[in-house]
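Data block below; observations after.
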There are 2 protein chains.
Amino acid sequence: MKLNTKTRYGIRAMIELAMDWGGKGMFQKEISERQEISYKYLDHIISALKTKGLISNVDGKKSGYRLAKKPEEISVYDIYKAFEPALQIVDCIGEHGECVRAKNCAASDLWCGLNNKIIEHLDSINLSELAKKQQALNQRDEKADMYYI
Amino acid sequence: MKLNTKTRYGIRAMIELAMDWGGKGMFQKEISERQEISYKYLDHIISALKTKGLISNVDGKKSGYRLAKKPEEISVYDIYKAFEPALQIVDCIGEHGECVRAKNCAASDLWCGLNNKIIEHLDSINLSELAKKQQALNQRDEKADMYYI
DNA sequence: TTTTACCCTATAAAACAAATAGGAAAGGTG
DNA sequence: CACCTTTCCTATTTGTTTTATAGGGTAAAA
Ligand code: FES
Ligand code: FES
């Protein structure tokens with residue numbers, strides 16, 4: 001069980017935008033540089049986030065990207081879903097009851113339980129928290145730099 | 001994020017063996033038939049479970065497989081680890097501190113939290129529970145069959 | 001000695017992940 | 001307007017992983 005890099009990068013990009021909330025807007029290039037994500041790869045990531053309505057460049061194409069909602073209204077699971085369909089740890093528990101065994105399989109409850117737990121956790125964390133945490137880390141870093149002068 | 005089929009099949013095979021706990025032992029063929037898992041594929045699954053010491057055929061090769069421990073002493077996470085290394089949802093949080101950004105990255109806490117939650121959940125469920133649940137399901141099924149006569 | 005069940009290695013096909021590449025379109029600036 | 005920048009879109013490449021299947025060897029029970 002691994003999280004793919006698009007989702008990971010996507011979350012990092014969104015943290016960057018959350019830190020800029022209420023600010024000037026950010027260009028793809030800026031995000032790419034600050035988060036050290038390949039500029040071209042970021043193309044796809046931004047595209048997915050935009051399609052899902054999580055970000056927008058509402059003040060014209062050259063205004064930079066902004067979050068489309070308040071950071072506290074965007075959960076990590078929202079971002080996750082921009083890159084993958086709704087979390088489904090195994091196919092057995094699909095909405096369409098994909099697995100013929102599911103009705104008589106003790107494991108299917110297990111999958112449901114785990115699946116819900118993960119979604120719950122991802123949904124309980126929003127970008128506001130993450131941005132604050134990141135800001136604190138960045139500041140600590142700047143201070144640390146000062147002491148080294 | 002998906003669970004691979006080996007782990008899934010592995011858990012189903014283990015439930016079958018847990019239901020046989022204290023019983024006659026089960027041949028690969030029996031497990032394969034009861035759980036509808038390809039006989040040859042099951043080769044690899046059984047091999048992994050054996051290597052990890054979760055099952056054994058202690059009374060000689062032709063005695064069938066048995067759980068090597070009591071069902072209540074085998075957690076789902078134990079089985080998981082027979083097929084994958086310790087759960088690590090992203091490489092960032094490896095023991096060797098794989099990601100150079102981790103120290104100053106707000107997301108790394110997120111990964112740790114999620115990772116622990118999943119492990120905790122998988123570790124909280126043991127084969128005894130699952131076997132009981134499966135037995136109940138099987139019985140319910142037999143009864144249902146009777147009513148149709 | 002024949003059958004049965006296990007053990008082991010190799011291989012194949014398909015799917016997926018991760019990234020790169022190339023260029024069209026559109027918007028702002030001098 | 002001509003030019004540069006930024007976004008947008010599609011295709012391609014490369015490598016890895018997943019999901020099996022195949023083939024044969026070994027050991028022991030019958
Ligand atoms: S095998 Fe699909 S639900 Fe158990
Ligand atoms: S990118 Fe690796 S810890 Fe954040």
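Protein chains get the first letters and strands the later ones, always in sequence-line order, with residue 1 at the start of each.
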Checklist outcome for this item: CD of A:Glu36 to OH of A:Tyr9, rounded to nearest 0.5 Å, is 10.0 Å

Checklist entry - Roughly how many Å is it from CG in A:Leu42 to C1' in D:dC8, rounded to a whole number? => result 13 Å

Checklist entry - Side chain of B:His44, base of D:dT18: donor and acceptor closer than 3.5 Å? => result no

Checklist entry - Between C:dC7 atom P and B:Lys29 atom NZ, what is the distance in whole Å? => result 17 Å

Next on the checklist: Please confirm whether the shortest side-chain N or O distance from A:Ser47 to OP1 or OP2 of D:dT7 is below 4.0 Å.
Outcome noted: no

Next on the checklist: Tell me whether the side-chain N/O atoms of B:Thr5 come closer than 4.0 Å to OP1 or OP2 in D:dT19.
Outcome noted: yes

Item to check | Residue A:Tyr39, side-chain heavy atoms: nucleotide from C:dA17, D:dT6, C:dC6 that is nearest | outcome: D:dT6

Item to check | Among C:dC6, C:dT20, D:dT21, the one nearest B:Ser38 by side-chain distance | outcome: D:dT21

Checklist outcome for this item: Sorted by position of nearest nucleotide on DNA chain D, 5' first, the leading residue of A:Lys62 and B:Tyr41 is A:Lys62

Next on the checklist: Between C1' on C:dA18 and CG on A:Leu3, what's the gap in Å once rounded to a whole number?
Outcome noted: 14 Å

Checklist entry - Looking only at side chains, do A:Ser75 and A:Asp123 share a donor and an acceptor under 3.5 Å apart? => result yes

Item to check | Protein-nucleotide distance (B:Phe83, atom CZ; D:dT17, atom P), rounded to Å | outcome: 18 Å

Checklist entry - Considering residues, nucleotides and ligands other than B:Lys2, do more than 12 of their heavy atoms fall under 6.0 Å from its NZ? => result yes

Item to check | Base D:dC8 paired with A:Asp43 side chain (donor-acceptor, <3.5 Å) | outcome: yes

Checklist entry - B:Asn4 has an atom CG; how far is it from atom C1' of D:dT16, in whole Å? => result 14 Å

Checklist entry - From C:dA17, C:dA5, D:dA27, pick the nucleotide closest to the side chain of B:Lys61? => result D:dA27

Next on the checklist: Rounding to an integer number of Å, can you tell me how far B:Lys40 NZ sits from C:dA5 C1'?
Outcome noted: 11 Å

Next on the checklist: It should be established whether B:Tyr9 places a side-chain nitrogen or oxygen under 4.0 Å from OP1 or OP2 of nucleotide D:dA20.
Outcome noted: yes

Next on the checklist: How many whole angstroms separate atom CD1 of B:Ile46 from atom P of C:dC7?
Outcome noted: 8 Å

Checklist entry - In whole angstrom, what separates A:Asn57's CG from D:dT5's P? => result 19 Å

Checklist entry - What do you reckon, is CD of B:Glu73 surrounded by more than 12 foreign heavy atoms closer than 6.0 Å? => result yes

Next on the checklist: Determine whether a donor-acceptor pair (N or O, by modelled atom type, separation under 3.5 Å) exists between the side chain of A:Glu16 and the backbone of A:Ile31.
Outcome noted: no

